[in-house]
Every structure is written in structure tokens, then in C-alpha cells.
Amino acid sequence: MRCGWNNQIVSRLLLLVLSVMNVLYATPSVVAQKTDVAFALNLPEWNPDTADLPPELRPMEIVRPELPDHIRAEVAELETRIGDLDRKGLLADSRAEQDAAFKEAITLAKRVVSIREEFQGNREGVVRWRGLDGTATSWHECVTAGQNLRRLQLCRGLNEHDRVRYASIDGTGARVQQLFARRAYSEALQLTNAELEVFQDCLGKDDQYTITSMANHATLLYSIGQVSESAPYFREGVARASRVLGDDHPITLAARDHMGVVLNAQAKYAQAEVHFRTVLTGRRRVLGDSVPDTALTIGNLGSVLYEQGRLRDAEPFLRGSFAARRRTLGDGHIETLYALNNLGVCLLAQGQYSEAELYLRTAMVADRQLLGSEHPSTLKSLSNYGALLDESGHFAEALHYYRDALDGQRKVLGEGHPDTLATLGNLEVLLAIGGRLEEAEAIARTALEANRRAVGDTHPDTLRSMINLAALIDDQGNASDADLLCRQAVQQCTDVLGPTHPLTLTAIYNMAYLLRDQQKFNESEKLFRESLESRRRTLGKHHPSTLHSMANSAIMLAESGRPAEALPYFEEAISVLEYLRVSAGGGATDRLVLSDKLDVAEISREYANALAVLARPVDSLSAVELGRSRVALDLLGQDEKTLITALQATGDPGRAAKYRAALDAEHAALAALREAEARLAAIEREN
């Protein structure tokens, strides 16, 4: 398939809205109604050897300055009492009662600061903790205690008007979540903006509540698709948190993680990777490996590696995130299923279809049960499962899932949302495979313009749309227009993503294919070689995309009158074909589908033709039969000339009659199989 499917994996950035009175620092939370219904995955736990893990995922031996058990209990009681007094200081009927409450709260907060400094702070030459940069610093709970004391002192000094304003934003988090669930985004933004203004006016720009409120407002902007608008808030939040709280404080790490998500969405992958690696190191040091936030960052790092096309580098992180979320959140948690979906997409991109099918189907069914049929995660799962069916050759079923996903995404997310455009691109490719080229081209042009408006001319989503459109134009015989657009895509992909990114390699491959069709063999050969060598390095020699570059390099050489030079490429391609077919999971049906997907018939036919041109008829017949009965039957059905020529050259033309009878039986069996698959698909849709 010349046009690859588009799936955008972006880290889930969830609303962090806080209750003013009782939250000390920001942690990710889910903007969706939870359910207690469990969903058992029944999948084997992933237990890798430590030596096989990237350094970021290996166990760490760190001594954290924790409180002794009896001291921890005392501090917990003090902090509970402080919280009650804090609320009373804002909501009591009289000013005198408010002042008394704040006075007592400040006294208790000083006691908490003193205790935490004794056990978790650095004083009198004793260094109990060092920050990410190696300098002596206090443990984050000690820093937070000092910030809370400062806030109480500021609240006590507020005038009557500001105390009323401060009290008015109590419960903002719950109200914003309700509005978000109803998709009342403008009202939700007004609330988060009002909360931020109150905190800045009453507590100052450098207070931890102000910093967290800024993150909440930015997160809401991001969640409703206003990515560019959210970036300045996140960037400012990172700078303030780092300066005020320290680089390894949970609020700073959360702000930096969110900044990485925004950079990832803007296709600034190298910058995003730096943020995620820093956050992962910090969260593992500060929070440990067994908390959801650490698992979230592991997944974020895997996602940005995936977006850079570093699939084999990404897989351990995506597996690690999935395993960590299973341990910390359980099999049926939405975040576990999100991690499972991302892992399935990565495996699909690497051609590991059987495992990908298991994970993507599980994620799709569970999302429907837990979130409902119109939740964005469910719709993305539908689209991803459609992509799996598409890749596996089940085109009718894939079309059903794509259309269901697209209808829901248009309704819930809108026409210009990245998820909607990704599904639109998948649908376009599927229509092209089915020969509906004009319809596919219309969709491709719509997707290209929508991506240009949404994310700009050089974003990977826009470049992918450009590549797909160029291929469609070429398929309809308009080579000159396709040539111009494809060259533009190659240049922009190389400049923006680098020469070895999978999207760049797809553009180069398509350009080589187009030039081969135009019989511009010298230029085509150069690009096919470039595509092949890069895919070998980045994807491995057994990946289907590498195989296609290999086979088309051979076909191009054969068509340009150099069959002898083509033979080594053909032989390597045949070797890879046999490896992929033998190693394919499932039964005979799966292997037949894989044979179709890998263009077994075309590759074997062209190999046989090259051998026939070199006057090697016996070898040519062996090439015809190399794929066992399936390849021979395909050849007889699609191109009898090669087979008959080879049979006649060997003096055994009677074998053609045997092939003809077998072909008729094969066609009948396949027709029955497709009919059964259609019935099963109809039953599944009804259920």
C-alpha cells in the first residue's frame, strides 16, 4: 500500500483543576466519569530483564528523606487541622472569627515547617537531598510546607473584598469538570481564568497555587484543541515553578511534562523528548516507580519516540508504561487502556499484527464499556482498530469502523480536530485501495487544507496528507502534478523531520515509485536505494515497508534492462517474504491475507520474468512456485503469460491444467470465506 495510514499518538493531558482549599500540588486526573466496572485483560505480565531496559527504566536506589512513622502521624493530624482552619478563615461569618482561625493555622503551619525542616531540610551543614542538578536542596514536602505557611500569612493580611473573592473560587475544579463534560468550554475557560486572576492578585505570581492554577487554565486550553494558546501558559509555569519550588518539585515536574506534551503536539519532538527524559528522571527520584505519574511520563517518552519514527526505541517505554499502569491502576482503568492502545499502535507500525490485534481489540471493547460510544478515546480506538483491519486486508470491515469513528469524531470533536483528520486520512487511503480514486482524492484535498489550517504547512499531519494526495494524483495518471507535490513533500519532510523519519522515507519511496512509472530510472534507482537502506537501519530488514523498498528496487532494475543486477534484490525480497509468511500468526486465512498485503504475487512474477529474460526457464518456474500453491495460483489468475512461458520452456505444459483446476477450487474457497467473514462482521455490528 503506497499511502500509509495516519495515527497520531499524543500524550493524554488531562484537566488538573484543583479545589482551592485542600490540594497541595497538581497531579494528572481524568476528565471523564469513572466507573467501577472491572475489565480483565488476561494478558501476560511483561517482565523484562533489567539489562534490556533503557537506563530511564532501570531500578533506582535512592534514599528519600521521609518522616519517621510517629512523626508522620503527628504531621498528618496538624495538616488536617490546618485545612479546617484555612477554610474557616475564609468562610467564617465575622472578621474576628476568620482572623482567629488564620492565627491558629499559622501557628500550626510553623510547627509543620519546623518538623519537616528537621527531618527533610538541609541545615547546619547536613545535606539530606540534592536536586536534579546536584546542588543541595530541601525535599519537596519541606518546600511545600514553607509555601503553605506563606500563603496562610498572605490570606490573613487580605482585606475584606479580597477574602470574599478568594472564597468565591472554592470548588472551581468540580464546576469546571462538569462544564467540560457538557462541552461548555467557553464557560469552563472563564472559570479557570477567573481563578488564575484571583490567585495572582491575592497570593502573587510566584505562589504554588497560582502556578498550579496557570497549569489548569493551560490544560483546559490544550484539551479543547487550542494548543498554541496553551503553550505560553505552560512555558511560564515551568519557569516560575523551577525558580520558586525547585527543579525536582512535583509541581515543576508536572509543568515540564505538560510542556513536553504541547511540544509533541507541535511536532517539536527533540525538545519534547528532552522535557520527558528530565521529568522521568525527576519523577522516579522523587515519587518512585510505583505511582501513576511516573507511568504517565514513561508513556509520554514512548509516544515522542514513536512520533520521531524510532519505533524500536519507543516500544520498551510503551510496554513499560502499560505494565506500570496495570500495577498501579488496574487492568480496567482508562489510563491502562490508553497505554494499551498506544502499545498496540506501535506494534502495528512495526508489522507485529497478531499482538497488535489482541491489544487494539481489547482497548476498543473496554473503552466502549467504560466510557461509552462517543468518548474521544473510544472513537480513537475504533479508528485504530479499523487501521489494523485495513492493514490486514479486511477492507469492508475497516470501512465500517472508520465511518463509525469519523461520524462520532465530527460530532464530538469537530471537523478540524487532529483525531478527526487522522481518521479522514485513513478512510481516504482505504477508498483508494478499493479503486474509488476520485472520492479518495476529494477527501485527501479536504484533509490537506484542514491540516494546513489546524497545524500549519510543515506539521507531520499536513505533510502526510500531502504525500497521500500526491500518490492519489499519480494513480489517476496525472504524473506532472503528482511529481511537483511529491518533491515538495520530500523536501519539507527532510527539512522538518530529518532524512530517516518514516514519513520522510515514505515520501522518498513514493517519489521513487512515481519516477519509475515515468521511466526515469536513474533518479528512481537513487531514491529506491536511499529508501531501502534507511528502512533497513530504522525498521529492520523484515519489516513490510523494507520489503516493498527492496522489491521495487529489483523491479525498477529489471524494467530498466538490468535483470542481472536485480536478482540479488529479488532473492533477498523472496527470503524476507518467506520469513514473514512462515512467522505470521494465525491460520491459513491470515497467511493468505498477508500474502496479498505483501504483494507476493507481483514480486514472484517479476522475479520469474527476470529469470526468463536471463534464459533460466527452470529457475523461472521455481520462482513461480516458490510461494507454494498460493503464489502459483495468483500468477495463473493475474498473469498467465509468465507461467505458461516457463511451463513450455521446461517441456511440461500439462502442469498448467493442474494449476487451472486448483485455481478454480481456490476461487470458490475464497468466495465462501469472504461470505462467512461478512456474516460475522454483520453479527458483530449488531452486538
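One is the number of the first residue; the rest follow in order along the sequence.
- Closest of all the heavy-atom pairs between V345 and L360 is N-CD2, 3.9 Å.
- D367 and S377 share no donor-acceptor pair across their side chains, judged by distance under 3.5 Å alone.
- When side chains are defined from C-beta on, K526 does not count as touching I508, because their heavy atoms never get closer than 4.5 Å.
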Under the criterion salt bridge (charged side-chain N to carboxylate O under 4.0 Å, His left out), I'd like the reasoning laid out for E441 against R445: C-alpha separation, chi angles, the key distance, then a yes or no. CA-CA 6 Å; E441 182 184 343; R445 291 188 182 279; 2.9 Å; yes
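- A cation-pi arrangement is absent between R319 and F322, since the terminal nitrogen or guanidinium carbon is not both under 6.0 Å from the aromatic centre and inside a 45° cone about the axis.
- Using a distance-only test at 3.5 Å, with no hydrogens or angles considered, no donor-acceptor pair links the side chain of D474 to the main chain of A470.
- In terms of modelled atom types and a separation under 3.5 Å, the side chain of T420 and the main chain of G414 share a donor-acceptor contact.
- Listed here is the closest heavy atom pair of A450 and L421: CB-CD2, 3.4 Å.
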Verdict with reasoning, R361 to Y359, per side chain to side chain contact (heavy atoms under 4.5 Å, CB included): CA-CA 6 Å; R361 174 179 282 276; Y359 293 170; over 6 Å; no
Please lay out, stage by stage, how E415 and R453 fare under the test salt bridge (charged side-chain N to carboxylate O under 4.0 Å, His left out). CA-CA 11 Å; E415 294 283 352; R453 290 193 301 271; over 6 Å; no
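- Between E315 and Q352, the closest side-chain pair of non-hydrogen atoms falls below 4.5 Å.
- Put simply, CG on D461 and CG on L448 are 11.5 Å apart, with the number rounded to the nearest 0.5 Å.
- For the residue pair D257 / N300, a side-chain donor-acceptor distance below 3.5 Å is found, with atom types taken as modelled.
- A donor-acceptor pair under 3.5 Å links the side-chain atoms of T446 to the main chain of A442, judged by distance alone.
- Listed for the S383 side chain is no donor-acceptor partner under 3.5 Å among the backbone atoms of L379.
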Carefully, step by step, assess T462 and D457 under the rule side-chain hydrogen bond (donor to acceptor under 3.5 Å, both in side chains). CA-CA 6 Å; T462 305; D457 290 339; over 6 Å; no
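- Ionic pairing of E236 and R240 is present here: one or more N-O contacts between side-chain nitrogen and carboxylate oxygen are shorter than 4.0 angstrom.
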Start with the C-alpha distance between R312 and L305, add both sets of side-chain angles, then the distance that settles side chain to side chain contact (heavy atoms under 4.5 Å, CB included), and finish with yes or no. CA-CA 9 Å; R312 285 181 287 184; L305 292 171; over 6 Å; no
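- Between L515 and D483, the closest side-chain pair of non-hydrogen atoms falls below 4.5 Å.
- A356 and L347 get closest at one heavy-atom pair: CB-CB, 4.0 Å.
- There is a side-chain donor-acceptor pair under 3.5 Å between R283 and T297.
- Looking only at distances, a side-chain donor or acceptor of R284 sits under 3.5 Å from a matching main-chain atom of R58.
- By the neighbour-count criterion of 12 heavy atoms within 6.0 Å, atom CG of D133 is densely surrounded, having more than that number from other residues, nucleotides or ligands.
- None of L263, V262, V304 except one satisfies the side-chain contact (heavy atoms from CB on, under 4.5 Å) rule with H275; the exception is L263.
- Once rounded to the nearest 0.5 Å, the distance linking CG of D419 with CG of L406 reads 11.0 Å.
- Judged by distance alone, with hydrogens and angles left aside, the side-chain atoms of R325 form a donor-acceptor pair with the main-chain N or O of E335 at under 3.5 Å.
- Atoms OG and CZ, on S303 and F276 in that order, are 7.5 Å from each other to the nearest 0.5 Å.
- The pair R487-E523 counts as a salt bridge, with a side-chain nitrogen and a carboxylate oxygen less than 4.0 angstrom apart.
- With contacts defined as side-chain heavy-atom distances shorter than 4.5 Å, the pair Y185/S223 does not qualify.
- Note on E572 versus R536: salt bridge recorded, some NZ/NE/NH1/NH2 to OD/OE distance being below 4.0 Å.
- Under the 3.5 Å distance criterion, with hydrogens and angles disregarded, no donor-acceptor pair is assigned to the side chains of Q492 and T458.
- The distance from atom CG of D481 to atom CD of Q476, rounded to the nearest 0.5 Å, is 11.0 Å.
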Dump the intermediate steps for side chain to side chain contact (heavy atoms under 4.5 Å, CB included) on L611 and L567, then the final yes or no. CA-CA 8 Å; L611 289 165; L567 289 188; 4.0 Å; yes
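- Residues R529 and Y569 have side chains that bring a donor and an acceptor to within less than 3.5 angstrom of each other.
- Side-chain atoms of T252 and D247 include no donor-acceptor pair closer than 3.5 Å.
- The nearest pair of heavy atoms linking M550 to A573 is SD-N, 3.3 Å.
- Remark: K520 NZ to S560 OG distance equals 15.5 Å, nearest 0.5 Å.
- Judged by distance alone, the side chain of S534 and the main-chain N or O of S531 form no donor-acceptor pair under 3.5 Å.
- Of all non-hydrogen atoms in A295 and A324, the two that sit nearest each other are CB-CB, 3.6 Å.
- Counting heavy atoms from C-beta outward, Y306 and D313 have side chains that stay 4.5 Å or more apart.
- Side-chain contact between E525 and E530 is absent, with no heavy atoms from C-beta onward closer than 4.5 Å.
- Side chain of S553 to main chain of S549: a donor-acceptor pair is present (N/O by atom type, distance under 3.5 Å, no hydrogens or angles).
- Contact detail for A471 and N510: the closest heavy-atom pair is CB-ND2, 4.0 Å.
- Salt bridge status for K268 with E307: absent, with no side-chain N to carboxylate O gap under 4.0 Å.
- A donor-acceptor pair under 3.5 Å is formed between the side chain of T494 and the backbone N or O of V490.
- Between the side chain of H258 and the main chain of A254, a donor-acceptor pair closer than 3.5 Å is present.
- For the pair L427 and T423, the minimum side-chain heavy-atom distance is 4.5 Å or more.
- Cation-pi contact between R535 and Y509: present, with separation from the ring centre below 6.0 Å and deviation from the ring axis of at most 45°.
- With 3.5 Å as the limit, one finds no donor-acceptor pair spanning the side chains of Q226 and Y222.
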Derivation and outcome, side chain to side chain contact (heavy atoms under 4.5 Å, CB included), residues R516 and E559: CA-CA 9 Å; R516 193 195 82 185; E559 289 182 351; 3.6 Å; yes
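- For the atom pair OG (S321) and CG (N342), the distance works out to 8.0 Å, reported to the nearest 0.5 Å.
- You'll find the side chain of T378 stays beyond 4.5 Å of the side chain of M364, heavy atoms only.
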